[in-house]
Each structure stands twice: as structure tokens, then as C-alpha cells.
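Presented below is the structure to which this report refers.
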Amino acid sequence: MHLSIVGATGFIGSQIVGEALSRGHAVTGIARNPGKLAARDGLTAVAADAADPDQLAKSLAGSDAFVVSVTWTNNDVEKILSALRSAGATRAIFVVGAGSLGMPDGRLWLDHMIEQGIAPPTSRKALEALRTLRSVSDIDWVAVSPSRDIEPGQRTGQFRLGQDDLLTDEEGGSRITTQDFAVAILDEIETPTMHRRRFTVGY
């Protein structure tokens, strides 16, 4: 397939690029500063700003699948959706973070962070993006959230999938590597099972 990845130089986006290339897909890596992308076979680096729907739409044109992995504090999901529609996209995967995942007491993980005096600026904006996606009916969107802790590590291909609640292990930990998170996203691109819903990935 030909994949367009918006936010291709980011912490998660760069791993999605690598996983897609390793599976033989052609990738258009879209970023404000595409010079950060190392040249690799199958990769086309394109400069585009997700805040500019017309510019972004031109960069997305001709792709078979779309992944959006951006910093939501700097981007507007409505503008990105507009670009996707202009590019003829019918399906797209959005990375929205862990703050919007539910906890056993019925609150969100974001609420627990705020209670602890931690208020990551991306979490609230990502939650707003997810809420907007849930009202979209003309694009087959999928949102995906990592576990509470996500960092580089091993690519094992072994993980669990959940829906709207934070996944934890027997010790209460909640983690996933960026490599395995990318595996889960590419699995969903290649074999779609989710439609207009969010899922989460964890060990």
C-alpha cells in the first residue's frame, strides 16, 4: 500500500514510518520539517503543515491509507479532517494519547493526572480531538491510544488490545513500546477490524 503519515518525524510517527517500510509499504512522510527524516527506500519526505488544510490535502493525495500522529496542542482535528476529505480519504487512523482512557473509578486517566498536579497540555486537546472524531460519520476513522507509559524498546509483536479503558498488568503497570504500538497500528491498517471507534494497546 501507499501510506501517508502525518507527523512522520514525531516520537510515535517515526516508529510508524519504520514499521510501514519494514513491511514493504510505500510511505509519504509528512512533517513541517521533513529534513529530519533519513532517506530510505520507499520513503518520500514531504513538507506540509497540518494547520493548512489545502497544503496538507495536496500531500495526502493518492495514498491508500492515512495515519495522523501529531501534537494536538498545535493542531486542529477539524482542519485535518477537511484535508482528508479533500484528498478523498475514506479511512484514517488517529493517535490520541492515553489521557482519554478510562480508569476503574469511572474517571479518565487525565482526571487522575490533574488530581496529582500533572496536566500534560496534549492530553486535553487529544481528548477534544477524540470527541470530535466520534461525531464524524463520512470517514471511517479509528483512534488509537497507547498505554500510560510508552517509550522505545523491543519489537515483540506480543501485546493486548483494549477499547476505552487503560490496560494494566497484574502489578498495575501500564506500558507499551513505541515499536509494538507501531506494529498494532500497521496490523489495523493491513487488516481492518475497527470502525469509528477507539482502541488501546498494552502488555
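At least one side-chain heavy atom of V136 sits under 4.5 Å from a side-chain heavy atom of R85. Residues V183 and F159 form a side-chain contact, since some pair of their non-hydrogen atoms from C-beta on lies under 4.5 Å apart. Between L3 and T28 there is no side-chain heavy-atom pair separated by less than 4.5 Å. Residues T178 and E19 have side chains not in contact (no heavy-atom distance under 4.5 Å, counting atoms from C-beta outward).
A salt bridge does not link D169 to R148: none of the charged nitrogens lies less than 4.0 Å from a carboxylate oxygen. Of the charged side-chain nitrogens involved, none lies within less than 4.0 Å of a carboxylate oxygen, so that D76 and K125 do not count as a salt-bridged pair.
Using a 3.5 Å distance cut-off with no hydrogens or angles, the side chains of R198 and S145 do pair a donor with an acceptor.
For the salt bridge (charged side-chain N to carboxylate O under 4.0 Å, His left out) condition, the pairs that include at least one residue of residues 87-113, sequence neighbours left out, are R91-D140, R91-E188, D105-R107, R107-E115.
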side-chain hydrogen bond (donor to acceptor under 3.5 Å, both in side chains) assessment of Y203 paired with T177: CA-CA 9 Å; Y203 295 127; T177 63; 3.1 Å; yes
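Atom CG of D41 has 12 or fewer heavy atoms from other residues, nucleotides or ligands within 6.0 Å. For R160, the CZ atom sits in a packed shell: over 12 heavy atoms of surrounding residues, nucleotides or ligands are nearer than 6.0 Å. Around atom CD of Q154, no more than 12 heavy atoms belonging to other residues, nucleotides or ligands sit under 6.0 Å away. Environment of CZ in R32: sparse, with no more than 12 heavy atoms of neighbouring residues, nucleotides or ligands closer than 6.0 Å.
No option in D138, V68, I139 other than I139 meets the side chain to side chain contact (heavy atoms under 4.5 Å, CB included) test with L81.
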